[in-house]
Amino acid sequence: MFFQITKAATPLTGCRRQLILRSLSSSTNNIQIEVDNKTGFATVSMNRPPVNLLNLELINSLTRSMKEMEQNKSRGIILTSTSNSVFSGGLDIKELYRPDVQRLREFWTAFQDMWLAWYGSAVPTAALINGHSPAGGCVLATCCEYRVMLPKFTIGLNEAKFGLVPPPVVRISFKNVLPLRIAELALCQGKLFTSNDALNIGLIDELAKTKEEGYEKCVKFLQTFRKVDPVARSLTKQQFRGKDLDDLRKGKQKDLNDFVEHVTQDDIQMRLGLYLEQLHNRKKK
Ligand SMILES: CC/C=C\C/C=C\C/C=C\C=C\CC(=O)SCCNC(=O)CCNC(=O)[C@H](O)C(C)(C)COP(=O)(O)OP(=O)(O)OC[C@H]1O[C@@H](n2cnc3c(N)ncnc32)[C@H](O)[C@@H]1OP(=O)(O)O
């Protein structure tokens with residue numbers, strides 16, 4: 001059992017009573033889970049300040065949360081973050097830079113497993129994108145079935161901008177949401193879309209002015225399945241996503257080997273080092 005249950009009012013929905021489930025599995029408390037008493041929907045909030053970078057521990061917590069909620073027969077999940085300005089800053093590049101190869105392998109295997117768990121989840125999912133969502137953040141959002149985003153943030157796959165080739169597991173869910181031509185162009189350009197542009201191309205489904213409004217829109221989406229048989233719903237989703245999931249399951253080892261080979265190249269290490277430096281110095285200029 002990973003979670004302890006306590007009752008509390010939630011910052012998300014004012015005075016509505018919710019069950020707050022806190023992860024006990026991780027000493028870092030990098031995920032918070034709240035279950036709405038009324039709807040039975042769970043809100044999973046990434047909580048790794050300052051910008052919810054996906055390191056090995058956060059990735060594992062996300063996978064475990066999904067498995068736990070599936071076992072508990074959750075009726076719907078809303079993925080968001082505790083930050084006011086960032087949904088997730090994507091992969092923690094420190095995991096990729098000058099890596100211990102054993103940990104790098106563990107890291108990428110964990111990322112593959114997280115993607116399989118969220119993209120293939122039996123439970124309906126919605127992303128409440130309450131901040132910037134580049135790269136790995138966009139992957140998580142596109143694994144969900146519906147996306148509601150707050151204004152004036154950015155979302156997209158920007159890997160090409162800093163010299164990385166997005167691996168299949170990064171591309172697939174993006175391709176599942178967008179027309180192929182738009183997806184191809186955006187990936188080749190390493191483009192980050194503003195919330196408005198993301199709405200216009202269909203990368204997100206709705207805009208919301210506030211987190212509370214976004215939450216209500218996600219709830220409304222999840223409620224569209226209220227009268228649908230959950231097994232039929234889940235099997236239908238599997239029919240759409242099954243090939244993508246099978247391809248990764250079958251190609252997992254090759255994908256891992258390609259990833260490690262690519263990331264550990266001298267040229268890629270140099271680019272990663274420069275990018276980290278650039279991020280660190282961004283605000284000093
Ligand atoms: C054949 C092919 C086979 C294999 C292919 C192999 C490899 C491809 C592999 C990888 C795929 C990767 C997907 C990814 O997710 S890569 C990560 C991409 N993420 C980004 O580019 C986001 C960068 N960050 C930002 O733009 C901003 O930080 C922000 C908009 C998310 C938030 O801005 P803020 O102003 O709120 O916060 P900052 O001050 O900028 O950041 C705080 C702190 O965090 C550091 N940081 C930010 N992002 C990262 C990161 N992704 N990794 C590591 N560190 C990061 C930043 O430097 C600050 O730290 P310091 O205060 O400077 O110490």
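Predicted, not measured: the structure shown is a model, and the values here were computed from it. Values below: all heavy atoms of this structure, side chains included; hydrogens, waters and symmetry mates excluded. One is the number of the first residue; the rest follow in order along the sequence.
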Does the side chain of [Y] come within less than 4.5 Å of [X]'s, by heavy atoms?
X    : Y    : result
M66  : L62  : no
V219 : F41  : yes
L128 : Y215 : yes
Q269 : P99  : yes
T43  : T80  : yes
N55  : I59  : no
I268 : H262 : yes
W115 : I172 : yes

| CA sep, side-chain torsions, deciding dist, call: E145, R233, salt bridge (charged side-chain N to carboxylate O under 4.0 Å, His left out) | CA-CA 12 Å; E145 288 156 57; R233 198 205 79 86; 2.8 Å; yes
| F107 pairs by side-chain contact (heavy atoms from CB on, under 4.5 Å) with which of N60, L96, L54? |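 In the set N60, L96, L54, the residue that makes a side-chain contact (heavy atoms from CB on, under 4.5 Å) with F107 is L96.
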Heavy atoms from other residues, nucleotides or ligands near [atom1] of [X] exceed 12 (cutoff 6.0 Å):
X    : atom1 : value
D266 : CG    : no
D267 : CG    : yes
K237 : NZ    : yes

In terms of hydrophobic clusters joined by side-chain contacts under 4.5 Å, are [X] and [Y] together?
X    : Y    : value
L274 : V263 : no
L192 : L157 : no
W108 : V101 : yes
L245 : I77  : yes
I93  : L53  : no

| said: Let's go through S173 and C143 carefully: what are the C-alpha distance in whole Å and the side-chain angles of both, what is the deciding distance for side-chain contact (heavy atoms from CB on, under 4.5 Å) to 0.1 Å, and is it a yes or a no? | reply: CA-CA 6 Å; S173 41; C143 279; 4.2 Å; yes
Between the main-chain N or O of [Y] and the side-chain N or O of [X], is there a donor-acceptor pair closer than 3.5 Å?
X    : Y    : answer
H132 : V86  : no
S121 : A117 : no
T142 : N176 : no
Q112 : V169 : no
R147 : E206 : no
D255 : G251 : no
S74  : E70  : no
N158 : K161 : no
Q238 : G120 : yes

| task | Evaluate the criterion side-chain contact (heavy atoms from CB on, under 4.5 Å) for residue pair F111 and M114; output intermediate values, then yes/no. | result | CA-CA 5 Å; F111 188 75; M114 179 198 78; 3.6 Å; yes
Nearest non-hydrogen partners of [X] and [Y], listed with the distance:
X    : Y    : result
A198 : I155 : CB-CG2, 3.7 Å
F87  : I129 : CD1-CA, 3.8 Å
A160 : C188 : CB-O, 3.9 Å
L178 : A183 : CB-CB, 4.2 Å
V260 : T264 : O-OG1, 2.6 Å
S88  : P134 : O-CD, 3.1 Å

Between [atom1] on residue [X] and [atom2] on residue [Y], distance to nearest 0.5 Å:
X    : Y    : atom1 : atom2 : value
L164 : R271 : CG    : CZ    : 8.5 Å
M149 : L199 : CE    : CG    : 10.0 Å
I204 : N200 : CD1   : CG    : 9.0 Å
D244 : L116 : CG    : CG    : 10.5 Å
I33  : I78  : CD1   : CD1   : 13.0 Å
T39  : R226 : OG1   : CZ    : 10.0 Å

| Just checking, is any N or O donor in the side chain of R105 or N257 under 3.5 Å from an acceptor N or O on the other one? | yes
| query | With a 3.5 Å cut-off and no angle check, do the side chains of E57 and N30 form a donor-acceptor pair? | reply | no
| said: Applying side-chain contact (heavy atoms from CB on, under 4.5 Å) to L222 and R75, what does each step give before you reach the verdict? | reply: CA-CA 8 Å; L222 294 174; R75 297 174 59 195; over 6 Å; no
| task | Please report the C-alpha distance between E34 and V44 in whole Å, then the side-chain angles of each, then the deciding distance to 0.1 Å, and finally whether the side-chain contact (heavy atoms from CB on, under 4.5 Å) criterion is met. | result | CA-CA 7 Å; E34 305 171 42; V44 175; over 6 Å; no
| task | Enumerate the residue pairs fulfilling side-chain hydrogen bond (donor to acceptor under 3.5 Å, both in side chains) with a member in residues 181-195, sequence neighbours excluded, ordered by first and then second residue. | result |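 As it turns out, the side-chain hydrogen bond (donor to acceptor under 3.5 Å, both in side chains) pairs with a partner in residues 181-195, which skip direct neighbours, are T194-D197.
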| query | Is R249 paired with D246 through a side-chain N to carboxylate O contact shorter than 4.0 Å? | reply | yes
| task | Begin from the C-alpha positions of D92 and K94 and carry the test salt bridge (charged side-chain N to carboxylate O under 4.0 Å, His left out) through to its verdict. | result | CA-CA 5 Å; D92 190 336; K94 292 186 288 304; 3.1 Å; yes
| field | Verdict with supporting geometry, K217 and D205, salt bridge (charged side-chain N to carboxylate O under 4.0 Å, His left out) | value | CA-CA 10 Å; K217 288 186 173 194; D205 299 288; over 6 Å; no
| message | In terms of relative ring orientation, are F225 and F221 parallel, tilted or perpendicular, with 30° and 60° separating the classes? | response | perpendicular
| task | Apply salt bridge (charged side-chain N to carboxylate O under 4.0 Å, His left out) to K220 and list each qualifying residue two or more places apart in sequence or on a separate chain. | result |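 K220 satisfies salt bridge (charged side-chain N to carboxylate O under 4.0 Å, His left out) with no residue once adjacent residues are dropped.
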